[in-house]
Amino acid sequence: MEASFEITIQMAIAVFAGISAQVLAAYLRVPSIVLLLLLGILFGSDGIGLLHPHVLGTGLEVIVALATAIILFEGGLNLDLRELGRVSVSLQLLVTQGTLITLLGGSMAAHWLGEFPWNIAFLYASIVVVTGPTVVGPLLKQINVDRQVATLLEGEGVLIDPVGAILAFVVLDTILNGDADPINAIVGLLIRLGVGAGIGGAGGYLMSLIFKRASFLSFELKNLVVLAILWSLFTLSQMIRSESGVMTTVVAGAVFANSSVPEERLLRSFKGQLTILSVSVLFILLAADLSIASVFALGWGSLFTVLVLMFVVRPINILLCTWNSDLNWRQKLFLSWVAPRGIVAASVASFFAISLTQRGINGGDSIKALVFLTIIMTVVCQGLTAGWVAKWLQITSKDVTGAVIVGCNPLSLLIARFFQERGENVVMIDTDPECLVQAEAQNLRVIASSALDAAVLEEAGLASMGTFLAMTSNGEVNFVLAQRAAEEFKPPRVLAVFPRDPQASISASNKVNQAFIPDLAIKTWNEYLNDGRVKLGTTTLDELEFSTQCDRIQEKIQTGVLIPLLVERAERLQVIPANQDWEIGDRIIYLLHDPRPSLLKRLSGATQSTPLSLEKLPEVEDLSLAQLSQLSTSEASGG
């Protein structure tokens, strides 16, 4: 009874410490793994001595195995095969060629700098080929890096975990059994990957069938059924071929996520919560079991080993694996910097330390210490600086340029012209051939198809664009298009022209912003443009007259004579949402209704075919609305 109560106390402390670290990390906006490591070490035997994971005995291995299955399944759920297809070549190389580069580079560094024997050096390198999806995922969400880079890092983290874990067990098996034949090692690796992929694929399909057809089950029970099947699949794989279970869980998650399962978001939410709990408990327990003295005993050579892994091996890996990709140097540099190791490396290292010690092979504790040193250095250095590096390299999602505009009309063509003149990529989508001819005449790329088809948006390159704008003449269609684009492609800025109150749209979908102004009469303004009854103006909000300028603009918006189109802020051009908050220094580009008759315009030299030129208009800069009305009336009567 006393022994069981002691285990209960240990688990309660681990859960409390883990969730506390998660809460504190969310408050401080730092990667949770940093605080999990710190609290784990603090609560461990080298700290205040509250946690003693060895009390759990073999139960710790069971907890690690089942929790790892949940973590990797949740990682598989987040794999979007369509998005992975856009970076498929680079991702394939990172998982295959990149694994080999890290294995060779890490083992040479550990042998020559850390002075480990070759067998232990290879074992260390095989453990650290993995990156941590449970570290990378939250980190990318926190810093909002551009989608292409995020997809590549997430895909690498999820797919390389089972490959790396199985590779590490193959290397361990080779060391323990004294079989140095590389052919046997490769065959063992491929068999484990094949068994895991086969069982995982079948299991993922079974899960999707249950979710689709078992209507008599409640959502809560379906989630638990999936959990039961997951652990059963993991155990079955382990029984057929040891260590193939990690591949099973990832493949099962990926197959399930890409089977168009209804209510999938409920399962994602459930598994996401389990993953947070699993990661929290595992890191606390594994960090508490770490001997700080063994880390310091490694010496400077091991520190240099990790530095070489971070600053030499990783950049070479990224350079070679993305050589022929369309990634720019900023994206490649960020990929070179971010490769934190996570829970899989920690759990495998802890298990290996026990296995080597039991077999009487020296180096078990040292390899565990070196792996944890790698985790600490990569997580702290890269995790805490990734946001700053992304901003410095200008690859955060808000820095992504280019626009996909659905609806080809005079107003959308005007907006496209501004993006085009700044050198940004613009793609127009419409089904009207006549309108598309006008776009082509302005050297704009056009797609004559329906934007309701996700394949069309993919062809337009929306995944790598900064802005999606739906502005056809049908507001309801615009809203639906914007919602689908936001959910499936996640561009940083999603806007649409639709006849709803902005607050209502926010409650319906906080991913979609109403463009320009509430209830824009887009047909009317297109007529104004066709008839030449508008002026294109610009004004910059300065500190001295900020309030007055804002009031003038809002006054004219409310009376329907002005629509703000674009705002230039921090040298970046963006479509203005209806709920835009102005800032000092903003340069606003707008359309002003000019009610003068067409005859007066022709006499003054303005024609319908004359393209609008951007000018600083005194009507907005200096004149009130009453003065503008008087001016327009006098000009019309004079004409």
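As a basis for the values below, the full set of heavy atoms in this structure was taken, side chains included, without hydrogen atoms, waters or symmetry mates. FYI, the numbering just counts along the sequence from 1.
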Compare every heavy atom of [Y] with every heavy atom of [X], then report the nearest pair and how far apart it is.
X      : Y      : result
Phe419 : Val426 : CB-CG2, 3.4 Å
Val135 : Gly342 : CG2-CA, 3.9 Å
Gly75  : Val158 : O-CG2, 3.5 Å
Met471 : Asn409 : O-ND2, 3.0 Å
Ala486 : Pro491 : CA-CD, 4.3 Å
Leu462 : Ala485 : CD2-CB, 3.8 Å

Got a sec, which residues hit side chain to side chain contact (heavy atoms under 4.5 Å, CB included) with [X], two or more places apart in sequence or on another chain?
X      : answer
Leu541 : Phe546, Gln549, Cys550, Ile553, Trp582, Asp586, Ile588
Ala515 : Leu469, Leu495, Val497
Val136 : Leu140, Leu153, Pro340
Ala257 : Leu77, Glu264, Arg268

Compare all side-chain heavy atoms of [X] with those of [Y] and state whether any distance is below 4.5 angstrom.
X      : Y      : value
Leu457 : Ile429 : yes
Asp432 : Cys408 : no
Ile160 : Thr131 : yes
Thr322 : Val89  : no
Val250 : Phe73  : no
Met428 : Val406 : no
Thr401 : Asn425 : no
Asp551 : Gln554 : no

So, taking the atom named [atom1] in [X] and the one named [atom2] in [Y], what distance separates them when rounded to the nearest 0.5 Å?
X      : Y      : atom1 : atom2 : result
Arg417 : Gln442 : CZ    : CD    : 7.5 Å
Ile19  : Leu277 : CD1   : CG    : 5.5 Å
Lys332 : Arg330 : NZ    : CZ    : 13.5 Å
Ile318 : Glu156 : CD1   : CD    : 6.0 Å
Arg552 : Leu562 : CZ    : CG    : 13.0 Å
Leu592 : Thr539 : CG    : OG1   : 11.5 Å

Practice prompt. Would you please test Gln438 and Leu413 for side-chain contact (heavy atoms from CB on, under 4.5 Å) and show each step?
Written response: CA-CA 8 Å; Gln438 298 176 24; Leu413 288 172; 3.7 Å; yes
Is there a donor-acceptor contact under 3.5 Å from the side chain of [X] to the main chain of [Y]?
X      : Y      : result
Arg314 : Val338 : yes
Gln382 : Ala339 : yes
Lys212 : Ser259 : yes

Going by the rule side-chain hydrogen bond (donor to acceptor under 3.5 Å, both in side chains), which residues pair with [X] if we only count those two or more places apart in sequence or in a different chain?
X      : answer
Asp430 : none
Gln331 : Asp146
Arg445 : none
Thr378 : none

Margin query: Could you go through Leu94 and Asn317, starting from their C-alpha distance and side-chain angles, then the distance that decides it, and tell me whether this counts as side-chain contact (heavy atoms from CB on, under 4.5 Å)?
Written below: CA-CA 7 Å; Leu94 281 173; Asn317 187 357; 3.8 Å; yes
Using a 3.5 Å cut-off and no angle test, enumerate the donor-acceptor pairs between side-chain atoms of residues 521-529 and protein atoms at least two apart in sequence or in another chain.
{"residue": "Asn526", "atom": "OD1", "partner": "Leu411", "partner atom": "N", "Å": "2.9"}
{"residue": "Asn526", "atom": "ND2", "partner": "Ile522", "partner atom": "O", "Å": "3.1"}

Check your understanding: Does the side-chain contact (heavy atoms from CB on, under 4.5 Å) test come out yes or no for Val575 and Phe516, once each step is laid out?
Key -> CA-CA 7 Å; Val575 177; Phe516 313 124; 3.6 Å; yes
Report yes or no: do Thr540 and Arg587 form a side-chain donor-acceptor pair below 3.5 Å?
-> no
Report all side-chain donor-acceptor pairs from residues 447-455 shorter than 3.5 Å, counting only partners two or more places apart or in another chain.
{"residue": "Ser450", "atom": "OG", "partner": "Leu452", "partner atom": "N", "Å": "3.2"}
{"residue": "Asp453", "atom": "OD1", "partner": "Ala455", "partner atom": "N", "Å": "3.0"}

request  = List for me each residue that meets ring pair (Phe, Tyr, Trp, His ring centres under 6.0 Å) alongside Trp337, sequence neighbours excluded, and say none if there are none.
outcome  =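 So Trp337 forms a ring pair (Phe, Tyr, Trp, His ring centres under 6.0 Å) with Phe311.
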- Query: Going through the checks in order, is the side-chain contact (heavy atoms from CB on, under 4.5 Å) test met by Leu536 and Phe418?
  - Reply: CA-CA 12 Å; Leu536 184 62; Phe418 276 98; 3.6 Å; yes
Hits for salt bridge (charged side-chain N to carboxylate O under 4.0 Å, His left out) against Arg341, two or more places apart or cross-chain, chain-then-number order -> none
Pairing of Glu424 and Arg572 as salt bridge, 4.0 angstrom limit: no
